[in-house]
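We name chains A, B, ... by the order of the sequence lines, and we start the count at 1 in each one.
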There are 2 protein chains.
Amino acid sequence: MTTYGQFCPVAKAMEVLDERWTLLVVRELLAGSTRFNELRRGVPKMSPALLAKRLRSLERAGVVRRYEADDHPGYRLTQAGEELRPLVESLGAWGTRWVGGLGEADLDPHLLMWDMRRTVPVNAWPRERTVVAFRFDGVSAPVAHWWLVVRDGEVDICDYDPGYEATVTVSAALRTLVRVWRGDLSWQMALRGEAVSLDGPAEARRDLPVWLGQSPLAVVPRP
Amino acid sequence: MTTYGQFCPVAKAMEVLDERWTLLVVRELLAGSTRFNELRRGVPKMSPALLAKRLRSLERAGVVRRYEADDHPGYRLTQAGEELRPLVESLGAWGTRWVGGLGEADLDPHLLMWDMRRTVPVNAWPRERTVVAFRFDGVSAPVAHWWLVVRDGEVDICDYDPGYEATVTVSAALRTLVRVWRGDLSWQMALRGEAVSLDGPAEARRDLPVWLGQSPLAVVPRP
DNA sequence: CTGTATCCATGGCGATACTG
DNA sequence: CAGTATCGCCATGGATACAG
């Protein structure tokens, strides 16, 4: 941890938080991840060594506590860590409003599916098992096809065919679906312009935008 | 600017903001500084080359706009920059609550005086010229003595005797006065315990805590 | 599954000096 | 006053392999 040589609380806070990846790890913890590899999936481009290092720093700073339960370790936020929620939310709102341009490298389909997995409104889905297949155009084969399976309030994602027939198939450029997810583009506009196309029974096609919804930050008003 | 390879708005925001010093420069701009050397005084440990570099990055990111006026350049926040205010405030509140421990290197008297200069409640001061002298114990000679001069709603600080007689002299360990300023310790407690001693007419001694006040973040409730 | 160990290149950043 | 120019270190962190 490098220091600023200032007593200002903003500077003291940044000494803890300004290192690369730190607030993204906090974001994952705020989203409910606790296990090491669960955290990794939220920050896949971060090396495990660095994640371990950051977790130790955050522990020393009193933001995170490591615990052992059922013979497997886990991490949770302390009260100090939990109180970073408004800060991370501000950051997300600001990023939504003012940092729109996405590079090709930002378009990670795994992260999109992982994000859907944890925020999809399961209560809005049919009670019986429902499978949504995704086909991303212009993405290399191994990550172009994904499946979202919802059953009994449980959500799973696969990058292989789970064997059940898809209720709806969603086809779109990855960039387009990311934009819809972020709220840069509405479901309505995307479907009307055929930037996203759906395949399946009419009723399911009608309901799909409600099933998937959008990222929690999508509601942030744009400048 | 290093990237995270994530479309998440939190990550996109951090790409702009997570580099060392960046949010401290924004803090200075939010506090009203506009000129290059004025900004420098708020981040004295930052090299001018690095400050220039950060200002350019922030300009590219659309957070800051450089302008020319009266033949001298200046910097001001754009709307995107202004909207960082709640974020910086959250950061300050969090730092106040959870990052209390100050190292010796954090105790910079120049920053303390500079911070007072811009937030002192001038309307609470007498109308005639008023001088408060500071004597910091255990600080090397050239920065142990300071003067705060208030007249006609104008505040000035000097590190040399301005020639006018001091209305009140404040003597304290630098750490103590910093703690009072941050709100870690009340004026009342500090004066009662004689951690801070005042010299001057009774009325002025009584009013001094109101004249100086505390940092805006001092009101943040502690855990 | 939960991390460690090691290596290496990059470049960030601190320090200092200097210029229009 | 408002920055540039230059230098060089060392730490950051990316990559990969591996271990309990």
Euclidean distance, atom CZ of residue B:Arg41 to atom C1' of D:dA2 [Å, nearest integer]: 12 Å
B:His72 atom NE2, neighbour heavy-atom count above 12 within 6.0 Å: yes
May I ask you to evaluate whether A:Trp21 reaches the phosphate of D:dG14, defined as a side-chain N or O under 4.0 Å from OP1 or OP2? yes
At under 4.0 Å between heavy atoms, what does B:Lys53 touch on the DNA or RNA strands: base, sugar-phosphate, or nothing? sugar-phosphate
Distances for protein N or O near nucleotides 3-7 of chain D N or O, under 3.5 Å:
from, atom 1, to, atom 2, distance (Å)
D:dG3, OP1, B:Arg66, NH2, 2.6
D:dG3, OP1, B:Tyr75, OH, 3.4
D:dG3, OP2, B:Tyr75, OH, 3.1

Check the distance between C:dG3's P and A:His72's NE2 and give it to me in whole angstrom. 11 Å
Kindly indicate whether the side chain of A:Phe136, heavy atoms from C-beta on, has any atom under 4.5 Å from the side chain of A:Leu177. yes
May I have the distance from B:Leu51 (atom CG) to C:dG12 (atom C1'), rounded to whole angstrom? 16 Å
A:Arg65 to A:Tyr75 six-membered ring, cation-pi geometry met (6.0 Å, 45°): no
Just verifying a value: how many Å separate B:Met46 CE and A:Gln6 CD, rounded to the nearest 0.5 Å? 10.5 Å
Can you check the A:Glu68 CD to D:dG20 C1' distance for me, whole Å? 13 Å
Between C:dT2 (C1') and A:Asp71 (CG): distance, integer Å: 12 Å
What is the distance, to the nearest angstrom, from the CD atom on B:Glu38 to the P atom on D:dC1? 11 Å
Go through the side-chain N and O atoms of B:Thr22 and B:Arg54 and say whether any donor and acceptor fall under 3.5 Å apart. yes
Check every atom of C:dG14, D:dG13, C:dG12 against the side chain of A:Leu50 and return the nucleotide holding the closest atom. D:dG13
Step by step, would you call B:Glu83 with A:Trp98 a side chain to side chain contact (heavy atoms under 4.5 Å, CB included)? CA-CA 9 Å; B:Glu83 287 187 19; A:Trp98 298 108; 2.7 Å; yes
Rounded to the Å, how far apart are B:Lys45 NZ and C:dA15 C1'? 14 Å
Nearest-Å distance, CE (A:Met46) to C1' (D:dA15)? 14 Å
Test: B:Arg20 cationic atom under 6.0 Å from A:Tyr4 six-membered ring centre, within 45° of axis: yes
